[in-house]
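This report concerns only the one structure given below.
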Amino acid sequence: MAVFMILLTGKVGKIITTLILVILLITGGVGYFAWYNFKREVPIVYKSAEDHFKYGSINSGGVPFFIWEVLPELFAKHLPGPGGYKSLGFIWEEGKEMPVGVSKSIVGFPRQGSTCALCHSTTYRKTPEDAPTLVLGAPTQTFDSIANIRFLAACGNDPKFTPDNIIPAIEAKHQLSWSDKLLYRYVIIPDTQKKLMGLGLGFAWTKSRPDPGPGRIPSFNPVKFINFRLPLDDTIDNVDDPAIWNERKHKGFDYHWDGLETSLTETVIMGALAAGTKPDNVPLENLQRVEDFIRLIPPPDYPFDIDPVLVSQGKPIFDNNCASCHAFGGDRTGTIIPVEEVGTDDHRIEMWTQAAVDKYLAVGDGQEWDFTQVHKRDGYVAVALDGIWLRAPYLHNGSVPSLKELLEVPSDRTPVFYRGYDVYDQDQVGFISEGPQAQKEGFEYDTHLPGNSNQGHLYGTELSTEDKQALVEYLKTL
Ligand code: HEC
Ligand code: HEC
């Protein structure tokens, strides 16, 4: 210390002090610059619970917002059709900055992310000319998650993914300062490119299995192979996105198609991790708001006429054949029915392993939250049927296009149909899944492919035609 004092008092001391101050200023400045441009968080808070569900950040990470915005115009050739992100099935409300299910947050610079509404909200139309009706909490009918991932990866691998192409496209929409431009050129764009190429590599295994198509995702293999680095296996995990409304009435149910979770709070955190949130960056308050919201949103009413006489005939048929597994308060509702009993496709069960359970149980170690209710199960949950009219196609793999067909034996169910067209079919009670328009806008679903089987769930298939008609009318009221 004495030496230090001497140094600081003499002439040499003055020079050294100045040098130290300059160094401190420079490092402090660099530190501040780095913090400001990469870490500074400016919260974007949505007052309404609905907007929070649609657009509120869950820290999922994603593509820098300004880059994400210009990808469809720069790389339109990698999209499945015209219309930008809409061609991947994103729902875009008139006049909004981004589609439902996409968040914008500022962490240093604006970043794009996913929200729960991406897979858990849908549109339907009563006729092809009808304006789409948006329903939050519903399974998406149109969003094709794997096509979206492949689009982003293709952009990253395109030789045109360069600062010289991307920066002018951004500048056509936003003003960038000279320092912004330097950051985009030398840090953000190269880093994004690396991540997008990595995304493609991470999901390369999906190419060796049937494509899920719109309204379905590979559910837990991405977490097994990418996050947990478990060895690749050949299991197929394509599942239908489920509805998540009315959760207060599902209290005590098993969650996920195979019931691998029994806590709603943990299931919500799992949803965030699946969307890309890092375990040490889980926004518990934001997720609590989402959980409160999905507990309360009611299932939507059937939007067409219902025949009250048929409904009253259908109720006892439901009570006798279905209620024990599907009515609120039924003995087996919300519990797991062994796969040998229900007889539906078993790939989704095979995919979920004890090794994955063990990894999940350790993910929350040392965090403010934890997973304690993750299990390995051997069947499918007998789900409640609230809002079932809008949850087509049916079963965990989305293999049966309509309620009418679910009441037919598997050999009479349509073997190849189209999913992803959001016009409703009142006659079959599901979405229109055949014919030129469904074929044009939809994805071909072939029930012969592994993981896509429409076998099993024979309940109600032996009822008379009249009883089936009455039962379906009753199902519209749930
Ligand atoms: C990329 C699409 C996607 C995103 C994003 C997503 N989920 Fe899901 N969610 C699914 C799928 C698919 C399942 C069923 C998975 C399975 O069982 O194989 C599911 C299951 C669930 C379930 C269980 C439903 C039940 O009754 O069994 C809840 C609750 C849920 N998600 C809530 C959320 C929440 C909350 C978020 C946001 C924090 C979220 N999800 C984000 C696709 C998604
Ligand atoms: C023994 C229990 C049991 C009975 C009885 C039963 N189901 Fe199911 N149901 C299930 C199970 C389990 C599933 C999930 C199977 C799967 O996804 O592979 C299911 C799925 C469904 C689905 C699809 C849900 C969705 O979100 O896709 C509908 C619709 C349905 N059942 C209707 C009925 C009707 C109508 C009856 C009466 C005629 C009935 N079930 C009788 C156990 C039962």
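For ligands, and for the atoms within them, numbers begin at 1 and follow the listed sequence.
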- Message: As an exercise, identify every atom of ligand 2 less than 4.0 angstrom from a heavy atom of Leu403.
- Response: 29 (C)
- Query: Does Leu395 reach ligand 2 with a nitrogen or oxygen that is under 3.5 Å from one of the ligand's nitrogen or oxygen atoms?
  - Reply: yes
- Task: Just jot down the ligand 1 atoms closer than 4.0 angstrom to any heavy atom of Thr115, in number order.
- Result: 5 (C)
- Message: Regarding atom 13 (C) of ligand 2: of the candidates Leu390, Val381, Ile337, which has the closest heavy atom?
- Response: Val381
- Message: I'd like to know if the side chain of His347 pairs up with that of Asn238 as donor and acceptor (distance under 3.5 Å, no hydrogens or angles considered).
- Response: no
- Message: Under 3.5 Å, is there a donor on one side chain and an acceptor on the other for Thr123 and Asp422?
- Response: yes
- Task: Would you please classify the geometry between the Trp68 ring and the Phe65 ring as parallel, tilted or perpendicular, with 30° and 60° separating the classes?
- Result: tilted
- Where ligand 2 meets Gly460 - atom numbers and elements under 4.0 angstrom, heavy-atom basis: 38 (C)
- For Trp257, atoms of ligand 1 separated by under 4.0 Å from a heavy atom: 14 (C), 16 (C), 17 (O), 18 (O)
- Query: Looking just at side-chain N and O atoms, do Tyr55 and Glu93 make a donor-acceptor pair shorter than 3.5 Å?
  - Reply: yes
- Message: Side chain, backbone, both or neither: which applies to His396 and ligand 2 if a contact is any heavy-atom pair less than 4.0 Å apart?
- Response: both
- Query: Protein N/O/S atoms under 2.8 Å of atom 8 (Fe) of ligand 1?
  - Reply: His120 NE2
- May I ask you to determine how many protein N/O/S atoms are under 2.8 Å from atom 8 (Fe) of ligand 2? 2
- Query: Numbering the atoms of ligand 1 from 1, which are under 4.0 Å from a heavy atom of Leu264?
  - Reply: 29 (C)
- Message: Can you confirm, on distance only, whether ligand 2 has an N/O atom lying under 3.5 Å from any N/O atom belonging to Arg332?
- Response: no
- Should the pair Phe318 and Tyr474 be assigned to parallel (<30°), tilted (30 to 60°) or perpendicular (>60°) ring geometry? tilted
- Query: So is Asp345 close enough to ligand 2, meaning a heavy atom under 4.0 angstrom away?
  - Reply: no
- Would you check if there is a donor-acceptor pair between the side chains of Thr235 and Asp233 at a distance under 3.5 Å? yes
- Contact (N/O only, under 3.5 Å) between Asn321 and ligand 2: no
- Query: Cut-off 3.5 Å, side chains only: do Tyr424 and Trp389 have a donor facing an acceptor?
  - Reply: no
